[in-house]
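Quick caveat: nothing in here was measured; it's all calculated off a predicted structure. These numbers come from the heavy atoms of this one structure, side chains and all, not from hydrogens, waters or symmetry mates.
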Amino acid sequence: MTAALTTAQLTQEHRPTLDQALEAIRTRAYWSPHPEHPKAYGGEGQGGRPSLSVTEGQAAFEALRGRRFELDQPGTDGWTGSEVSPFGAEMGMEYPRPDIEVLLPAMRAGIPAWRDAGPETRAMVCLEILARIGARSHEFAQAVMHTSGQAYMMAFQAGGPHAQDRGLEAVAYAFAEQTRTPGAADWSKPQGKRDPLRLRKTFTAVPRGIALLIGCNTFPTWNGYPGLFASLATGNPVLAKPHPQAVLPLALTVQVAREVLKEAGFSPDLVALAAERPDEGIAKVLAIRPEVRVIDYTGSTAFGDWLETHARQAQVFTEKAGVNTVVIDSTDDYQGMLANLAFSLSLYSGQMCTTPQNLLIPRDGITTDAGPKTYDEVVADLAAAVDGLLGDDARASALLGAIVGPRVQERLEAAPGLGAVALASRTVTHPDFPGATVRTPLMVKADGARKFWEGADADAAYLAECFGPVSFAVAVASTEDAVALLRRTTRDKGAMTVGAYTTSPEAERLIEEACLEECAQLSLNLTGGVYVNQTAAFSDFHGTGGNPSANAALCDGAFVAGRFRMVEVRRPAE
């Protein structure tokens with residue numbers, strides 16, 4: 001295969017970016033090569049690379065609707081597609097359904113050349129894939145919006161630049177781990193009066209095998225890119241199995257990756273798509289195939305547990321459900337706390353794995369800069385803050401997006417039966433998409449008496465994840481009780497995020513110690529423009545891998561190191 005992209009060309013363009021990424025993960029300082037403002041795109045972008053504007057991205061998306069999405073990958077035995085936009089737009093795309101008995105061998109055939117290319121070349125190819133995806137960020141934003149229900153700005157930022165940041169971060173970690181060992185070494189052991197023993201040793205990062213990426217509906221690129229690029233950069237072919245309602249974002253990704261791999265002289269079959277028919281359940285079939293040696297999954301606890309139990313031939317990375325908690329002990333910025341929490345509860349209708357669910361508030365109230373506040377006052381004021389934030393339908397639509405699927409809506413409709421409603425959910429009419437289901441958050445009051453959560457048969461509703469725009473204002477006896485409940489839910493159910501508000505050094509120490517012992521990421525006293533449900537690539541870790549919500553963190557060395565093995569060859573030195 002003749003390469004249109006040489007390694008020298010790729011290195012000249014992308015090595016500086018990789019070096020900056022390596023420095024960023026070392027220092028944890030803010031850095032991103034991907035502009036997050038929509039107006040930064042259109043015409044010539046970074047390095048003179050042309051990019052699509054907002055209108056060009058929408059036109060590119062419209063051109064895809066109602067058509068077959070051709071990928072020219074081997075083993076296609078039919079076509080399938082069932083996506084329906086949460087905003088009501090017809091999608092109508094069909095994707096190749098694979099014959100895995102043909103596709104998997106074709107993917108494996110590309111491994112030797114990709115392995116032998118080495119860590120740097122693989123990293124450069126991955127960065128070219130990300131650069132081409134970045135140039136089409138507005139097209140990807142439309143794809144993410146109309147499959148996930150995210151409002152456009154969030155779909156653009158989280159599904160575009162921020163997802164690309166996470167992919168680049170994974171490449172940087174993969175490169176660092178693979179190059180920790182030199183590619184070759186001369187070994188000499190003195191033998192006294194005799195000649196020394198001399199060996200020439202080579203060390204090759206060897207991929208585990210095919211990596212299966214099982215995509216999610218809500219964040220198909222943000223959650224998908226870390227595993228995809230970590231696997232590809234460490235030499236593994238990647239088979240993307242999208243959620244049936246969110247195929248397009250990963251299909252576009254696969255299309256770009258295949259194009260770049262072919263131009264760089266590698267098999268395009270190193271990246272392929274596995275779209276499935278409704279209710280086909282192809283993920284279970286693929287997950288236990290002997291060729292599949294790495295699995296990345298984001299979704300329900302039930303299927304994540306199944307993968308960890310049954311896919312024993314593979315290294316499995318899962319992000320599952322959790323009960324995210326905020327402990328409210330005291331604050332010196334009451335209005336800032338309310339505004340920050342209101343935004344966190346409202347963003348994308350609570351359909352984020354990082355959205356707070358349980359707000360633990362002492363029954364006797366809290367101290368604030370605005371004077372003492374009772375439990376009921378804190379709850380009422382927070383409800384008012386949410387109402388104020390979402391009072392205008394146009395603004396509310398831009399923040400809430402659309403309800404992604406019927407199960408989220410069913411949980412929302414059932415929530416009033418879980419307790420006294422402190423904040424009712426209302427229906428919002430979307431100004432551009434009247435067919436969209438847009439709902440404001442709902443908050444339920446709950447009694448956090450120990451009898452509900454200390455017993456083995458505890459069944460209080462707030463002790464399980466209620467994914468979507470539902471939160472619980474849980475009255476607890478004290479901050480100490482709040483910390484005990486935080487420990488219990490994090491240990492038993494997991495937590496992707498923990499938040500806390502306190503002016504007490506002692507309370508802060510208790511909360512921080514609980515998060516260190518239960519292995520949960522903690523945000524303290526956020527009252528400005530940073531929110532508990534947001535993380536920054538290269539600096540923040542998403543999850544820890546140390547509690548039941550996830551067995552891996554995005555992104556650290558452990559996330560990439562298990563995707564390859566170092567194989568040594570020794571020869572007598574000449």
Side-chain donor or acceptor of [X] paired with backbone N/O of [Y] under 3.5 Å:
| X | Y | answer |
| --- | --- | --- |
| T318 | K320 | no |
| T331 | Y501 | no |
| R565 | V206 | no |
| N533 | C353 | no |
| T301 | A321 | yes |
| N236 | S231 | yes |
| H34 | H162 | no |
| R411 | F467 | yes |
| R312 | T309 | yes |
| S137 | G160 | no |

Identify the two heavy atoms, one from [X] and one from [Y], that lie closest to each other, and give their separation to 0.1 Å.
| X | Y | result |
| --- | --- | --- |
| T218 | Q150 | O-NE2, 2.7 Å |
| M496 | S549 | SD-OG, 3.3 Å |
| F156 | A141 | CA-CB, 3.5 Å |
| A170 | C555 | CA-SG, 3.8 Å |
| A552 | F559 | CB-CD1, 4.0 Å |
| Q157 | E36 | NE2-O, 3.1 Å |

Just checking Y297 against F317, ring centres under 6.0 Å apart?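 No, ring centres 6.0 Å or more apart.
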Please report whether the ring centroid of F538 lies less than 6.0 Å from that of Y173.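 For Y173 and F538, the ring centres are not under 6.0 Å apart.
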Answer yes if the side chains of [X] and [Y] hold a donor-acceptor pair under 3.5 Å, and no otherwise.
| X | Y | value |
| --- | --- | --- |
| R122 | Q178 | yes |
| T497 | T354 | no |
| N340 | T527 | no |
| T490 | N547 | no |
| E319 | N223 | yes |
| D540 | T535 | no |

Is it the case that more than 12 heavy atoms not belonging to R407 sit under 6.0 Å from its CZ atom?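 Open: at most 12 neighbouring heavy atoms sit under 6.0 Å from CZ of R407.
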Might you confirm whether atom CD of E513 has over 12 heavy atoms from other residues, nucleotides or ligands at distances under 6.0 Å?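 For E513, atom CD is crowded (more than 12 foreign heavy atoms under 6.0 Å).
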Result of checking Y152, F343, F219 against Y348 for ring pair (Phe, Tyr, Trp, His ring centres under 6.0 Å):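 Among Y152, F343, F219, the one meeting ring pair (Phe, Tyr, Trp, His ring centres under 6.0 Å) with Y348 is F219.
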How long is the span from the [atom1] atom in [X] to the [atom2] atom in [Y], to the nearest 0.5 Å?
| X | Y | atom1 | atom2 | answer |
| --- | --- | --- | --- | --- |
| K284 | L307 | NZ | CG | 9.0 Å |
| L273 | L239 | CG | CG | 7.5 Å |
| T253 | L130 | OG1 | CG | 9.5 Å |
| L212 | K241 | CG | NZ | 8.5 Å |

Can you tell which of E259, E139, E13 makes a salt bridge (Lys or Arg N to Asp or Glu O under 4.0 Å) with R132?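 Answer after filtering E259, E139, E13: E259.
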Just one of V125, L10, L261 clears the side chain to side chain contact (heavy atoms under 4.5 Å, CB included) bar with L5, so which one?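 Testing each of V125, L10, L261 against L5, the sole residue satisfying side chain to side chain contact (heavy atoms under 4.5 Å, CB included) is L10.
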One thing to verify: whether E291 and R108 come together as a salt bridge, which I'm taking to mean a side-chain N less than 4.0 angstrom from a carboxylate O.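 Salt bridge: no.
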Relative to F564, does R115 satisfy both conditions: NZ or CZ under 6.0 angstrom from the six-membered ring centre, and within 45 degrees of the ring's axis?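 Judged by the rule, R115 and F564 form no cation-pi pair.
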